[in-house]
Amino acid sequence: MTASQRLLKKSNKSALQMEMRGKSIVLISALIIISATIAITIFLGTKGLQAFFNNGVSIYEFLTSTNWNPTNAESPAYGALPFIIGSFAVTILSALIAAPLGIGGAIFMTEIAPSWGKKILQPVIELLVGIPSVVYGFIGLSVLVPFLRDTVGGQGFSLLAGMIVLSIMILPTVTSIATDAMSSLPKGLRESSYAIGATRWQTIWRVLIPAAMPTLLTAVVLGMARAFGEALAVQMVIGNVRTLPSAITDPSATLTTIITLNMGHTTFGSVENNVLWSLALILLAMSFIFIILIRYLSSRRQF
Amino acid sequence: MNSKVTDRIATFIFYLIAATIVTVLVGLLGYIIFHGFSKLNLEFLTSPSSSFRAGGGIGNQLFNSFYILFLTMVFTIPLGLGGGIYMAEYARPGKLTNAIRTCIEVLASLPSIVIGMFGLLMFVNLTGWGYSILGGALALTVFNLPVMVRVCEDALRTVQRDQKEASLALGITHWHTIKTVLLPAAFPSILTGAILASGRVFGEAAALLFTAGLTTPTLDFANWNPFDSTSPLNVFRPAETLAVHIWAVNTQGLIPDVREVADGSSAVLIISVLIFNLLARWIGSVVHRKITASK
């Protein structure tokens, strides 16, 4: 079919009808996206609140107690604090590794070796994105955990293992957004800095990084959002205990790992099951918080 | 310290960071492919898995993964395309457009386990299907939709404005212009994006744990009646995918050869994702060359 045939093919419907039909089809697709988002929020919201309103679990106890024992028949306890702290701990610790590595990689690609650095690192980052999370978990389980057991002691299943696995997983997210941020800075910034005699490092540290800061922070926050919600890879290496870790080499648990582990073993509609949905509600609330944070950061963007 | 010395040290550190990132990837890929490759043979790839004896394969899981991927793409491509066209061509700045954009952002940032739990409520319990392929594919559609919308929107936006304006100037309606001018021009990028998204869907596990389930019935590959419970095509049967299988054998497996199965399955998963990546680049450039005049 040539271009002219494609363009001028006669239709037996009027052009206006076709226009309206096409517009409504795409509008419906867009509305499906809205309804899916609203449905997720409403469904998880109501289900997550059931434990508090129908089963009488105290919200205060849920958020502040460290005693989690929902299957205890006499006095079940629903303190989710160890998992909330666990989630935040692995997220923040992995961001502490991934942020300098990712931003450093981005600077390497844009400032140090733009010609060949990008050719090597770009596909590496893309491939790292593509590796499924269970594979990260499996390598963590079969290589990292035994390694940690032999070198730092303990069981190997630890906060430390979770943090290392997560930091590699979020590295590509941080790097690719940071690369965009650095390469979209106006050229004049670099040139004027070099013109007044600054070295490359001074230019990067005093001019480019501050200028790109809001977007660099966005990159880190997006990485943290990913780390906070990651389930299976962390579950395989973190050890999944109910107590608070006292050291980085202690086993721990996160919101996602407790949900993954227990969802299949509890009966739908029971209190033990409902508190798991409350944990999911925290995850949902956190991803809204991350979005608000990202919106705030991108509104501060200068370039 | 002399500023030149600092500059040297900083440069060295940046080289070190880049080298670290490359080493991590090479190490990961090398480890998986080196360990898994020796386990790959036709028998492993085609025989059904075993739940407690050694020597099980991944035949059913491999089939399930591709089947769920196929169904997911059947749902996401039209919806994503529709959403992308709306965002690129019809959306005017305003409340509705803002709402859609926020929703895409929210969907994209939701952890996949949350989408899996939503799938559990909606497609497993509410519909009464139980763990099913269809439920899994629908959950993955929710997971994949924001990516697809973005891919299509970006592809349409990068089409030269002249082409669209020329078509509109000839008196051709907007919808007809989209259909006959913009979509063909954006097709290579949409295809590349869709294949890359397929790689992501293929490796996804958390969203499938609670929707497609952890089991697969004994499948009879000679039975192609889609309504039969042993038929591989039945969309209402539970289906464990390859990624879920890796997680399941490692965390709750009873088989003695967990390492072998996990090594082999990870290699298959990684090689498939690599193929999706290479395919996306290759097909993208071939199609681009075919339908445009550029070399």
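Quick caveat, the model's predicted, so the values are computed rather than measured. Protein chains get the first letters and strands the later ones, always in sequence-line order, with residue 1 at the start of each.
Between the CD1 atom in B/I100 and the CG atom in A/L31 there is a gap of 6.0 Å [rounded to 0.5 Å]. Rounded to the nearest 0.5 angstrom, A/S24 OG and B/Y90 OH are separated by 9.0 Å. Separation of atoms OG1 (B/T251) and CE (A/M236) is listed at 6.5 Å; rounding is to 0.5 Å. From B/I21, atom CD1 reaches atom CG of A/L171 across 4.5 Å, with rounding to the nearest 0.5 Å.
For a residue to count as touching a neighbouring chain, one of its non-hydrogen atoms must lie under 4.5 Å from one of that chain's; by this rule A/I168 touches chain B with the side chain only. Contact of B/V114 with chain A is made through backbone and side chain together, with heavy-atom distances under 4.5 Å. Only the side chain of A/Q235 comes within contact range of chain B, with heavy atoms under 4.5 Å apart. Of the two parts of A/A233, neither the backbone nor the side chain holds a non-hydrogen atom closer than 4.5 Å to a non-hydrogen atom of chain B. For B/L126, the part lying under 4.5 angstrom from a heavy atom of chain A is the side chain only. Looking at A/I120, the atoms closer than 4.5 Å to chain B (heavy atoms on both sides) all sit in the side chain, from C-beta outward. Interface remark: A/F43 contributes backbone and side-chain atoms alike to the contact with chain B (heavy atom separation under 4.5 Å). Interface remark: B/V244 contributes no atoms to any contact with chain A (heavy atom separation under 4.5 Å). Contacts of A/P100 with chain B are made by backbone atoms alone, with heavy-atom separations under 4.5 Å and no side-chain atom involved. Proximity to chain B is limited to the backbone of A/L276, based on heavy atoms less than 4.5 angstrom apart. Contact of A/I125 with chain B is made through the side chain alone, with heavy-atom distances under 4.5 Å. Looking at B/L79, both its backbone and its side chain come within 4.5 Å of chain A, counting heavy atoms on both sides. The contact between A/L141 and chain B is made entirely by side chain atoms (from C-beta outward), counting heavy-atom distances below 4.5 Å. Heavy-atom distances place the side chain of A/A231, and not its backbone, under 4.5 Å from chain B. In this structure, the portion of A/I32 lying under 4.5 Å from any heavy atom of chain B is its side chain and not its backbone. The contact between A/L121 and chain B is made entirely by side chain atoms (from C-beta outward), counting heavy-atom distances below 4.5 Å. Using a 4.5 Å cut-off between heavy atoms, A/K47 touches chain B through its side chain atoms alone.
Residues of residues 278-289 of chain A lying within less than 4.5 angstrom of chain B, judged on heavy atoms, are A/A280, A/L283, A/L284, A/S287, A/F288 in numerical order.
A salt bridge links B/R281 with A/E126; the closest basic N to acidic carboxylate O contact falls under 4.0 Å.
Among B/G84, B/G199, B/G80, B/A262, the residue with the largest count of heavy-atom pairs under 4.5 Å with chain A is B/A262. Among A/W277, A/Y136, A/F290, the residue making the largest number of heavy-atom pairs under 4.5 Å with chain B is A/W277. When each of B/F276, B/W247, B/Y31 is checked for heavy-atom pairs under 4.5 Å with chain A, B/W247 comes out on top. Among the candidates A/T41, A/T256, A/L222, A/I107, the residue making the largest number of heavy-atom pairs closer than 4.5 Å to chain B is A/I107. Listed options A/I112, A/L101, A/L232 were ranked by heavy-atom pairs under 4.5 angstrom with chain B; first place goes to A/L232. For the set B/V142, B/L145, B/L110, the entry with the most heavy-atom pairs within less than 4.5 Å of chain A is B/L110. Top candidate by heavy-atom pairs under 4.5 Å with chain B, chosen from A/G102, A/A36, A/A39, A/P123, is A/A39. Your options are B/L96, B/L25, B/I246, and the one with the most heavy-atom pairs under 4.5 Å with chain A is B/L25. In terms of heavy-atom pairs under 4.5 Å with chain A, the best-connected choice from B/L120, B/I115, B/L29 is B/L120. The candidate from A/L261, A/T175, A/I294, A/V143 with the greatest count of non-hydrogen atom pairs under 4.5 Å with chain B is A/V143. Note: B/I270 leads B/N277, B/V22, B/I270 in heavy-atom pairs under 4.5 Å with chain A. Annotation: maximal heavy-atom pairing with chain B below 4.5 Å, among A/I28, A/T260, A/I204, occurs at A/T260.
The shortest distance between side-chain heavy atoms of A/I131 and B/L269 does not fall below 4.5 Å. A heavy-atom distance below 4.5 Å is found between the side chains of A/I40 and B/L107. Contact check for A/K23 versus B/Y86: no side-chain heavy atoms found under the 4.5 Å cut-off. Put simply, the side chain of B/S3 reaches to within 4.5 Å of the side chain of A/Q202, judged on heavy atoms. Under the 4.5 Å side-chain criterion, counting only non-hydrogen atoms from C-beta, B/V273 is not in contact with A/L127. In this structure the side chain of A/R295 reaches within 4.5 angstrom of the side chain of B/T102, judged on heavy atoms. Residues B/N125 and A/F268 meet the side-chain proximity criterion, which asks for heavy atoms closer than 4.5 Å. Counting heavy atoms from C-beta outward, A/S142 and B/R259 have side chains that approach closer than 4.5 Å.
Pairing each heavy atom of B/P78 with each of A/S29, the nearest pair is O-OG, 4.5 Å. Contact record, B/G203 with A/V134: O-CG2, 4.5 Å, taken as the closest heavy-atom pair. Closest heavy-atom contact between B/S266 and A/F138: OG-CD2, 3.1 Å. B/C103 and A/I34 get closest at one heavy-atom pair: SG-CA, 3.8 Å. Nearest heavy atom pair, residue A/M18 against residue B/W175, reads O-CD1, 3.4 Å.
In this structure, the side chain of A/E19 does not engage the main chain of B/T173 through any donor-acceptor pair within 3.5 Å. With hydrogens and angles disregarded, no donor-acceptor distance shorter than 3.5 Å links the side chain of B/D7 to the backbone of A/T199.
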Please step through side-chain hydrogen bond (donor to acceptor under 3.5 Å, both in side chains) for the pair A/R226 and B/S109, ending with a clear verdict.
CA-CA 7 Å; A/R226 215 188 141 194; B/S109 76; over 6 Å; no

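Within 6.0 Å of OH in A/Y194 there are more than 12 heavy atoms belonging to other residues, nucleotides or ligands. Atom CZ of B/F34 has 12 or fewer neighbouring heavy atoms from other residues, nucleotides or ligands inside a 6.0 Å radius.
Ring planes of B/F14 and A/W201: tilted class, angle from 30 to 60°. Using cut-offs of 30° and 60° on the angle between ring planes, the pair A/F108 and B/Y15 is perpendicular.
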